[in-house]
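Notes follow the structure.
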Amino acid sequence: MADFNRRDWLKSSGLIGAATLLSGWSTPEVLTQEIKSPKKKNSLVRLNSNENPYGPSEKVRKAMKNAFDDACRYPYSYQNELLELLAKKEGVSKDHIIITGGSTEGLNITGAAFGLYGGEIIAARPTFLSMMDYAVLYGATINWVDVDKNKGLDLDEMKKRISAQTRLIFLCNPNNPTSTLLPANDLRAFCHDVSERVTVFSDEAYYDFIEDKNYPSMIEFVKEGKNVIVSRTFSKVYGLAGLRIGYLIARPDIITKLNDHVAAFTNVLAIKAAIEALGDNEFYNHAVSKNREGRQMIYKTLDELGLEYVKSNTNFVFFKSGRHINELHKSFMERGVQIGRPFPPFYDWCRISTGTTEEVAFFCEQLKAVLG
Ligand SMILES: Cc1ncc(COP(=O)(O)O)c(C=O)c1O
């Protein structure tokens with residue numbers, strides 16, 4: 001019955017076709033085998049990984065096609081043009097930047113570099129885990145600091161936990177999965193004080209979705225020569241998650257140290273795509289405005305259902321479903337929607353990404369059916 005409803009809905013919304021349903025939480029292996037782009041037929045509505053299904057833009061697709069002849073070459077010699085553009089965009093010199101295979105690669109190499117020889121990393125719980133997962137493999141220990149009662153990062157507690165063992169503090173801002181944004185002044189004061197003692201890492205994967213256009217990037221501290229590292233990605237607003245390209249910005253001596261650990265550099269098509277994407281303001285603005293629209297649609301439905309949620313600064317919404325996430329996941333999979341994974345300790349909360357308008361509308365219908 002559930003599938004019948006979905007098919008009806010998909011027909012009326014133009015997303016024709018029944019879903020291939022997955023049985024468990026997605027792994028990259030499962031995804032490549034079973035799920036196609038949300039634009040294609042027979043696809044599951046994927047609202048689980050905070051991607052931007054509107055990408056890549058038409059201009060970027062064209063740039064990638066034009067780059068096919070270069071795909072027989074190693075990518076390093078192609079990065080200079082992108083480095084120049086990024087340096088101009090961020091107001092730093094090229095030696096402040098490393099281009100990485102997605103920002104995940106930037107997080108991983110930082111985890112390796114700072115986790116070596118058993119250092120400690122202070123990080124929020126819950127937050128985006130790549131760096132900590134990787135650092136542990138290199139011998140690091142993690143000092144977890146629970147988010148505060150508003151689900152924001154608890155900077156005071158993080159500061160209190162600094163000890164002689166601490167090598168780095170990981171700030172995901174806006175935070176994944178809670179979507180909270182630190183007050184600008186608190187963040188600035190924290191980075192200013194703390195970077196005198198330990199390195200601060202600011203993961204700014206969702207920076208482009210912040211509504212306050214004057215909200216500071218911690219790149220401002222990099223420019224002042226502080227112990228601060230910032231990560232950015234082409235996976236979110238630019239819609240290039242499948243290409244694997246992101247970058248780190250830090251003082252040149254830190255960049256040199258991190259460079260030693262790069263394992264998975266990006267590729268020629270991704271570099272060409274990123275160069276084009278940086279100039280495609282029309283697509284950028286479209287992505288930001290579609291995301292805003294998607295968030296509003298989700299808020300409206302949550303309000304109708306009387307469900308608590310966090311006002312989002314990202315391309316996803318974190319809400320309290322009141323159901324165990326494993327149970328909720330199963331219900332949504334039966335209805336052809338893939339929702340975010342569990343984020344302990346918030347087992348009765350759910351993270352839902354903003355997809356296309358049609359996908360979000362479909363999700364909202366299903367949410368009413370499941371929880372209404
Ligand atoms: C906070 C945060 N940082 C980094 C990433 C990794 O993004 P990528 O490796 O695609 O750049 C993600 C992905 O969802 C994220 O949520």
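Atoms within each ligand, like the ligands themselves, are counted from 1 in listed order.
Inclusion of Ser103 in the set of residues having an N or O under 3.5 Å from an N or O of ligand 1 is warranted. For ligand 1, the polar-atom distance check against Thr104 finds a nitrogen or oxygen pair separated by under 3.5 Å.
The closest side-chain heavy-atom distance from Thr104 to Arg244 is below 4.5 Å.
At least one heavy atom of Gly102 sits under 4.0 Å from some atom of ligand 1. Using a non-hydrogen distance threshold of 4.0 Å, Cys172 registers as a contact of ligand 1.
For the residues Phe128, Phe234, Phe170, the heavy atom positioned nearest atom 12 (C) of ligand 1 is part of Phe128.
Leu83 contributes atom CG, which lies 13.0 Å from atom NE2 of His96 (distance to the nearest 0.5 angstrom).
Shortest contact from atom 10 (O) of ligand 1 to any protein heavy atom: Ser235 OG, 2.5 Å. At the shortest separation from atom 3 (N) of ligand 1 among protein heavy atoms lies Asp203 OD2, 2.7 Å. For atom 16 (O) of ligand 1, the nearest protein heavy atom (residue, atom name, distance) is Tyr206 OH, 2.6 Å. When hydrogens are left out, the protein atom nearest atom 14 (O) of ligand 1 is Lys236 NZ, 2.7 Å; that is the closest non-hydrogen contact.
Applying the 4.0 Å criterion to heavy atoms of Arg244 picks out, from ligand 1, the atoms 8 (P), 9 (O), 10 (O). In summary, the atoms of ligand 1 found under 4.0 Å from a heavy atom of Asn176, numbered by their order in the structure, are 1 (C), 15 (C), 16 (O).
Residue Glu105 does not touch ligand 1, judged by heavy-atom distances below 4.0 Å.
Nearest heavy-atom pair across Thr356 and Tyr54 is CA-OH, 3.2 Å. The two residues Leu187 and Asn173 make their nearest non-hydrogen contact at CD2-ND2, 3.4 Å.
Salt bridge absent: Arg161 and Glu120 never bring a charged side-chain N and a carboxylate O closer than 4.0 Å. Using a 4.0 Å cut-off between charged side-chain N and carboxylate O, Lys290 and Glu293 make a salt bridge.
Because its NZ or CZ atom is both nearer than 6.0 Å to the ring centre of Tyr299 and within 45° of the ring axis, Lys311 counts as a cation-pi partner of that residue.
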Notebook entry, point to check: ring-ring contact (aromatic ring centres under 6.0 Å, His included) between Phe363 and Phe332: does it pass, once the steps are laid out?
Noted result: CA-CA 9 Å; Phe363 163 76; Phe332 272 99; 5.4 Å; yes

